[in-house]
Asks: 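One structure follows; several queries about it will come next.
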Protein chains: 2
Amino acid sequence: MGSVTLDDVAKLAGVSAKTVSRVANDERSVRPDTRERVLRAIEQLDYRPNLLARGLSGAHAYTIGLLYDNPNAYYIISMQQGALAACDDLHFGLQMRPCNSRSPALAEELRDFVHRSRLSGLVLTTPVSERTASLRRLATYDIPFVRILSAARDPLDGFPCVYVDDRDAAYAIVAHLLQLGHVRIGFLQGGKHHHASAERLRGYKDALRDYGVPLRKELMVEGDYVFDDGFRGARRLLDLAEPPTAIFGCNDEIAAGALAAAQSTGLSVPYDVSIAGFEDSPFSRHSWPPLTTARQRADVIVECATRMLIARISGDEVDNAGFTPELVVRGSTAPPRPKSRRRNRR
Amino acid sequence: MGSVTLDDVAKLAGVSAKTVSRVANDERSVRPDTRERVLRAIEQLDYRPNLLARGLSGAHAYTIGLLYDNPNAYYIISMQQGALAACDDLHFGLQMRPCNSRSPALAEELRDFVHRSRLSGLVLTTPVSERTASLRRLATYDIPFVRILSAARDPLDGFPCVYVDDRDAAYAIVAHLLQLGHVRIGFLQGGKHHHASAERLRGYKDALRDYGVPLRKELMVEGDYVFDDGFRGARRLLDLAEPPTAIFGCNDEIAAGALAAAQSTGLSVPYDVSIAGFEDSPFSRHSWPPLTTARQRADVIVECATRMLIARISGDEVDNAGFTPELVVRGSTAPPRPKSRRRNRR
DNA sequence: TTGAAAGCGCTAACAG
DNA sequence: CTGTTAGCGCTTTCAA
């Protein structure tokens, strides 16, 4: 292999391999001058520890696993960036994998994944993080994990987590629409098996209630987190006898579908209908008009979770953390057009 | 760890550890009944080989590295899917990492990455794959790799590769526009340090030449593979005294920017101006109107490259492979409006 | 503060 | 066809 080993360094520095190991791992119990000598030898030989050997002999491989079950590419990349930032900083490796969050043997699959590579722990993103029965089993396998979930506050269930307040952010979006003067606001739901969808729906309902606007069943359309469902759902809303003047899509992809639906019907956004999304994905910036949305920093959130996980693995106590996505107002939302001037379609 | 080891299985099956290893690795030299007995023991104990140990003792870790230096999330996810498909199928692990393709020490960084985890080899995507000096150095380190690059045909330079014919695909797009009757066709270039940009430009020029349309300097705008450059570039083109009737963006993100620019100017696509992209990313499907583009199956291409790499590592000879992205005509392109009826702007 | 010995779980190289 | 012996490069004992 031509790889430099601990022993090579030890020989050059005139110390034992164990001492080099101590220096490489930044342990304190090394005399400064010895450390200096070793560091010089490391530098000179351009020594790099072999991660496999370290992982094999140690209790774990200084590598964390990041699992996702999500079709959203931006979300995944964003998470990867956040996890890498933390891992690189703390000298941990990263293994990323998609998985099927609805598998009945989820806990066992995760355990095997961990054991095969001696992973130090797992960061679980939604919706994997929402399979509580599996998580409980995972905990019995003594696998450290931190989960990211959608909740208005700390669930206090004993498992560490980073919680994202989707309800509050959705509330802010709907409040923004209400303040603009909208009363008939359509809501395009996201995938049923995501807690986040329910939380965002809750935000929608709470906002309407607080502003004294009655909930209309016909303005809430079910669907998944995909463009086509946004398109179809918006189409349906716009075809109502009394169509909504604003539509809130459960994420940006859905909102992009709604935007396309409006434009394909000859409606102009935001003049004929306002549209808002959720997530601040490039979709929302790169459409025309750009979408009002809630900025969800998946990278920051995952970096936080990863740091928490590594801290736990290192034996530290850590507190749970919370984030709230921030309202971003852009060109796709405006006050409703006075009724008399509203354009006649068909 | 509670992990089951080779020895546990060996004891239960009444054979040596080496025999279990042979069965686990699917080596042929095991008598069927012995194999059967071992398999039963493996099943019974739910044995899973430890990848670190295997990697440490073997010549390599049965894991390939995938490197990218690309801001395009869809592209990355798509590649990851392709690589995972091949790796899962062939029982290899996958490590993905971004890297800086313009680092002068690129080869050394890649070497360290490989050595630290004893990677079996690397799949290099553009533009990393285009740093030929670094690749030559990488080869001297005896690191197997397969590169994916943009070229009209096999470069025959001795390094294995999968080549993608961007020129041909770009030619097809421009030919499509020409056949619709467009003569003034704008071209929004992509990042200069991507070969693909040059190849797509070549396709543009070749098509114009073959159709006897003179090249106009003022219709070719420089920029990077980002939305904003597409927006600005298109804006500039549309502001010309004699604006183009069609715009070809070097990728879908650029085209999305052009689309937004057109719409923000009050132009209607495709009636006032046709727009085409390249890549078939979700952008192109999720905009309104959806974009005519060239379908580039990054997943298929990377899966192919990954399989080639693993074959090479296994000692097989492999031939280079080539792909040509396929023209996808959608709503954003149409014949040019007769001059007399062209809408007056400003 | 340092070092020597043992071993992590597996495979390579050789025997039988 | 199967088993034995030695490591892979590191960390964990435990002793000096």
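Each chain gets a letter, A, B and so on, in the order the sequences are listed, and its residues count up from 1. From a predicted model like this one, the values you see are computed outputs, not experimental measurements. These values consider heavy atoms only, across backbone and side chains, with no hydrogens, waters or symmetry-generated copies.
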Asks: Could you tell me whether the side chains of A:Thr63 and A:Gln95 share a donor-acceptor contact shorter than 3.5 Å?
Replies: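 Per modelled atom types, A:Thr63 and A:Gln95 side chains form no pair under 3.5 Å.
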
Asks: Heavy atoms within less than 4.0 Å of DNA chain C: which residues of residues 37-50 of chain B have one? Give them sorted by number.
Replies: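 Hits under 4.0 Å, by residue number: B:Tyr47, B:Pro49, B:Asn50.
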
Asks: Restricting to pairs with a member in residues 311-323 of chain A, which pass salt bridge (charged side-chain N to carboxylate O under 4.0 Å, His left out), not counting sequence neighbours?
Replies: none

Asks: May I have the distance from A:Lys11 (atom NZ) to D:dG9 (atom P), rounded to whole angstrom?
Replies: 12 Å

Asks: Pick the closest DNA chain D nucleotide for B:Arg35 and for B:Ser57 by heavy atoms, then say which residue is nearer the 5' end.
Replies: B:Arg35

Asks: Rounded off to whole Å, could you give me the CD-to-C1' distance for the A:Glu36 and C:dT1 pair?
Replies: 17 Å

Asks: Please tell me if the side chains of B:Phe323 and B:Cys304 come closer than 4.5 Å, counting only heavy atoms from C-beta onward.
Replies: yes

Asks: For the pair made of CG in B:Leu52 and C1' in D:dC10, what is the distance, rounded to whole Å?
Replies: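 Rounded to whole Å, this separation is 12 Å.
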
Asks: When you check the phosphate oxygens OP1 and OP2 of D:dT2, does a side-chain N or O of B:Thr34 lie under 4.0 Å from one of them?
Replies: yes

Asks: Go nucleotide by nucleotide along DNA chain C from the 5' end; which of A:Asp33 and B:Ala53 gets its closest nucleotide reached first?
Replies: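 Whichever sits nearer the 5' end wins; that is A:Asp33.
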
Asks: For the residue pair A:Phe145 and A:Phe159, categorise the inter-ring angle as parallel (less than 30°), tilted (30 to 60°) or perpendicular (more than 60°).
Replies: tilted

Asks: Show me the pairs that pass ring pair (Phe, Tyr, Trp, His ring centres under 6.0 Å) and involve residues 118-137 of chain A, at least two apart or across chains.
Replies: none

Asks: What is the distance, rounded to the nearest whole Å, between atom CZ of B:Arg54 and atom C1' of D:dG7?
Replies: 18 Å

Asks: Given A:Val9, which partner from the list A:Val4, A:Val23, A:Val15 fulfils the side-chain contact (heavy atoms from CB on, under 4.5 Å) test?
Replies: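 For A:Val9, the side-chain contact (heavy atoms from CB on, under 4.5 Å) test succeeds with only one of A:Val4, A:Val23, A:Val15, which is A:Val4.
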
Asks: Could you tell me whether the side chain of B:Ser129 and the main chain of B:Ile148 form a donor-acceptor pair under 3.5 Å?
Replies: yes

Asks: Could you state the atom-to-atom distance from CG of A:Leu51 to P of D:dC8 in whole Å?
Replies: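 Atom-to-atom, A:Leu51 to D:dC8, this comes out as 18 Å.
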
Asks: Below 4.0 angstrom, which residues in residues 14-31 of chain A have at least one non-hydrogen atom near DNA chain C?
Replies: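 When residues 14-31 of chain A is checked for heavy atoms under 4.0 Å from DNA chain C, the hits, listed by number, are A:Val15, A:Ser16, A:Lys18, A:Thr19, A:Arg22, A:Ser29, A:Val30, A:Arg31.
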
Asks: Check for me whether the distance between the ring centres of B:Tyr62 and B:His91 falls short of 6.0 Å.
Replies: no

Asks: Can you find a side-chain donor-acceptor pair between A:Ser16 and A:Thr19 that sits under 3.5 Å?
Replies: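 Per modelled atom types, A:Ser16 and A:Thr19 side chains form a pair under 3.5 Å.
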
Asks: To the nearest Å, give me how far apart CZ (B:Arg118) and P (D:dC8) are.
Replies: 9 Å

Asks: Which angle, to the nearest 10 degrees, lies between the helix axes at the two ends of the helix from C:dT1-D:dA16 to C:dG16-D:dC1, each defined by five pairs?
Replies: 30°

Asks: Can you tell me how far the OG atom of A:Ser3 sits from the CG atom of A:Leu45, to the nearest 0.5 Å?
Replies: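 Between atom OG of A:Ser3 and atom CG of A:Leu45 there are 12.0 Å.
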
Asks: Quickly work out the A:Leu6 CG to D:dC10 C1' distance and round it to whole Å.
Replies: 7 Å

Asks: C:dC8 P sits how many Å from B:Leu56 CG, rounded?
Replies: 13 Å

Asks: My understanding is that only residues two or more places apart in sequence, or in another chain, count here; which of them pass side-chain contact (heavy atoms from CB on, under 4.5 Å) with A:Pro98?
Replies: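 Once residues adjacent in sequence are excluded, the partners of A:Pro98 under the side-chain contact (heavy atoms from CB on, under 4.5 Å) criterion are A:Tyr68, B:Leu84.
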
